[in-house]
Protein chains: 2
Amino acid sequence: MKKSESTLHDVARKVGVSPRTVSRVVNGESGFSQATAERVQAAIEELGYRPNLLARSLITKRSNTIGLIGVSLTDPFFPEVAEGVQREARELGLTMFFATTNDEPDRLVAALDSMISRAVDGVIAFPVQADAGPLVQAANEGINLVIVHPAEPLPGINTISSDLAAGAIRAVDHLRSTGRSKIAYLGTSTRSPNKRAAGYLEAVGDEPRIVTSAPTAEGGLAGTREILSRWPNIDAIFAYNDIMALAAIQALEESGRSVPGDVAVVGFDNIELSAYVNPPLTTMDMDHVSLGAKSVRLLHSLIENPDKEPEHIVHPVELQVRRST
Amino acid sequence: MKKSESTLHDVARKVGVSPRTVSRVVNGESGFSQATAERVQAAIEELGYRPNLLARSLITKRSNTIGLIGVSLTDPFFPEVAEGVQREARELGLTMFFATTNDEPDRLVAALDSMISRAVDGVIAFPVQADAGPLVQAANEGINLVIVHPAEPLPGINTISSDLAAGAIRAVDHLRSTGRSKIAYLGTSTRSPNKRAAGYLEAVGDEPRIVTSAPTAEGGLAGTREILSRWPNIDAIFAYNDIMALAAIQALEESGRSVPGDVAVVGFDNIELSAYVNPPLTTMDMDHVSLGAKSVRLLHSLIENPDKEPEHIVHPVELQVRRST
DNA sequence: GCCGACTACGTCAACGTTGACGTAGTCAGG
DNA sequence: CCTGACTACGTCAACGTTGACGTAGTCGGC
């Protein structure tokens, strides 16, 4: 029962003009009378005509499409970034392709290939652990690319990074200002330079107390237990992310310590639920939604002006004080 | 420095064959010798040729593209569904368009139009509160469509629904089996028939205790306070979703009640964090990732066989017992 | 009453593919 | 040695648009 798709030709035939004239009306160009415009519009309504954007893109070399590549939507903060990307893309009239890689290099390459072959105007990527090589190569071949949170500096590529070191310093300073002095860092080991750890080290000054483990809830539980066995009298934990911080609170209470009575906890990310757990978590807010929106605006400016010099935007991180400190 | 995209013609010229032969090699058709295939492959590598999928789709009428339309990625469980959709789509060789609507009818229509104009092979939608009218109309025009969690039954449309009533009954039975008898339902008011409430009513038998409020953390706090003021001696709360359940725990502890000591709490959704809050939340697991995967498989079967009778798949809901009960 | 500018169209080719169909050459079988 | 089947290609048109360019008609000014 499929209504066969109608084309410019069908509309043109119905109205009695050439397809080119219908095209002009559809695209709001000039060169037609008010009267024909109205007849064309009526025919469009009646036939349920929709422009075929594939055909249009084939000739205009613009698809008004962008691609977003991330690791996984089961990560706690990527959905917020993606939502920001989606909202801003919509504002700019861009439709979005989406792919996740699970940090597998093959999937990154496949996703990128698929999007390029579909003539995206640009790509936003979060490669995280995976090798950014294919992305850099694509950018060198002329693909408009923005990398969010690159693992290492990429001078020739447009990037957006959150100011993690400043955030870590702010977090430690906050713990200090509430009278804590024995502050541990519940971190995670990465190949790349860890800016949170660097900020912690800079701010904590005296002897550092660092434990690393996986950036997951399980990792947070294990890491916290290790912290407690090595330094039983700490009075604060600064965690790599909110998930680990929430796990830390759980481990602390299991060990008979109260939060924030005995030990204060600060997270990093400000995922939505951090406001509603017990106690609500003090954390560093990265405003992921606007981070996503900002990356689309950067990509858009790149699309409009491809020869622009690469930018390296730093996105601020703000302290969100709640009851865990 | 953009390497100009090379086409079948470029490869063909380089090898000294016709574009049609290159096309045959690229698509793994028959009708070429091993020797030419190798020369073509070499030329493809050297030129960095990528097929232009827009041109291909324009003539084959297949884009190997699907669209996913949801409300918002800041909803707690939609990201998991989207991840499931993405993973299964990848397995089936489908690339995904993505859009969110924030429950605004205009945005639903715009997203759908954009995808159809880009020749998607099919669409998966979560309209939630918004009017499903435009979706139904698209389906009637021949767009392959799967609606996940439709607000009301749609006989002519392919749908996947979670078995919410059975889940609610299971939740109440579980509370009963742990010795609770005064069980309140912290619900939310919807225009559409609420299957969770229906299940609760069926299972609870005696006098129901129902309060409705917004399906958010704020709503959960307010609703729980109302429950406590109306029935101070309840011993269990069954919540509409995990967010409300977590808020309920918070409100209960603020009121001096312990969970699960004084009041047991059961949620609905099993969002990831429910396992890591304190106490970990007993909840109904909908396995959103596989729900998403299942919807892609249904859509795919529809694409392969568009004249198939509509299916109405019911996705099971399972009890996940943790420490809040 | 001729020129130039302007309006409102139309024509044609091209974007990069693939479907339909044609064909030269080879090879086995009778 | 002719026929028919098969292999390995090539040719042409079409998918639905838009860019480039052409043109008939109108109208104002001198």
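Chain naming here is simple, since letters A, B, ... match the order of the sequence lines and numbering starts at 1 in each. Bear in mind the structure is a predicted one, so any value in this text is a computation, not a measurement.
Residue B:K61 has a polar side-chain atom (N or O) positioned under 4.0 Å from OP1 or OP2 of D:dG16. One finds no side-chain N or O of A:S23 lying less than 4.0 angstrom from the OP1 or OP2 phosphate oxygen of D:dT17. Under 4.0 angstrom from either OP1 or OP2 of D:dG10 there lies at least one side-chain N or O belonging to B:T21.
Residue B:T36 places its side chain closer to D:dC9 than to any other of C:dC15, D:dC9, D:dT17. Side-chain proximity of B:S33 to the nucleotides D:dC15, D:dA8, D:dG10 is greatest for D:dA8. Between C:dT18, C:dC9, D:dT18, one nucleotide has an atom nearer to the side chain of B:R56 than all others, and that is C:dT18. Listed nucleotides: C:dC21, C:dC9, C:dA14. Nearest to the side chain of A:I59: C:dA14. Closest to the side chain of A:N52, out of D:dT17, C:dC9, C:dG16, is D:dT17. With C:dC9, C:dT17, D:dG16 as the choices, the nucleotide that has an atom nearest any side-chain atom of A:T7 turns out to be D:dG16. The side chain of A:T60 approaches D:dG19 more closely than any other nucleotide in the set C:dC15, D:dG19, C:dT17.
Residues forming a side-chain contact (heavy atoms from CB on, under 4.5 Å) with A:P150 (at least two apart in sequence, or on another chain): A:I147, A:L154, A:T159, A:S161.
Within the 4.0 angstrom heavy-atom criterion, base atoms lie near A:R20. Nucleic acid contact for B:R62: none, since no nucleic acid atom lies under 4.0 Å from a heavy atom of the residue. Within 4.0 Å (heavy atoms only), B:P51 reaches sugar-phosphate atoms of the nucleic acid but no base atom.
Summarising the geometry, the separation between CG on B:L58 and C1' on C:dT18 is reported as 10 Å, rounded to the nearest angstrom. In this structure, A:E5 atom CD and D:dT17 atom C1' are separated by 15 Å, rounded to whole Å. We find that CG of A:N27 is positioned 17 Å from P of C:dA8, with the value rounded to whole Å. At whole-Å resolution of the value, CZ in A:F32 and P in C:dT7 are 13 Å apart. Rounded to whole Å, the distance from NE2 on B:H9 to P on D:dG10 is 12 Å. The distance between atom CD of A:E29 and atom P of D:dG19, rounded to the nearest whole Å, is 6 Å. A straight line from CG of A:L54 to P of C:dG16 spans 15 Å, rounded to a whole angstrom. The interatomic distance linking A:L8 (CG) with C:dC9 (P) rounds to 16 Å, in whole Å.
Residues B:T95 and A:R118 bring a donor and an acceptor atom of their side chains to less than 3.5 Å of each other.
B:R62 has a carboxylate O that lies under 4.0 Å from a charged side-chain N of B:E304, or vice versa, which qualifies the two as a salt bridge. Between B:E141 and A:R50 there is a salt bridge, since at least one side-chain N of the basic residue sits less than 4.0 Å from a carboxylate O of the acidic one. Salt-bridge annotation for A:R87 and A:E91: absent, with no side-chain N of the basic residue lying under 4.0 Å from a carboxylate O of the acidic one. Between A:E5 and B:K61 no salt bridge is recorded (no basic side-chain N to carboxylate O distance below 4.0 Å).
In this model, no side-chain donor or acceptor of A:R50 finds a partner on the base of D:dG16 within 3.5 Å.
In this structure, B:S18 and A:V26 both approach DNA chain D, and ranking their closest nucleotides by distance from the 5' end singles out B:S18.
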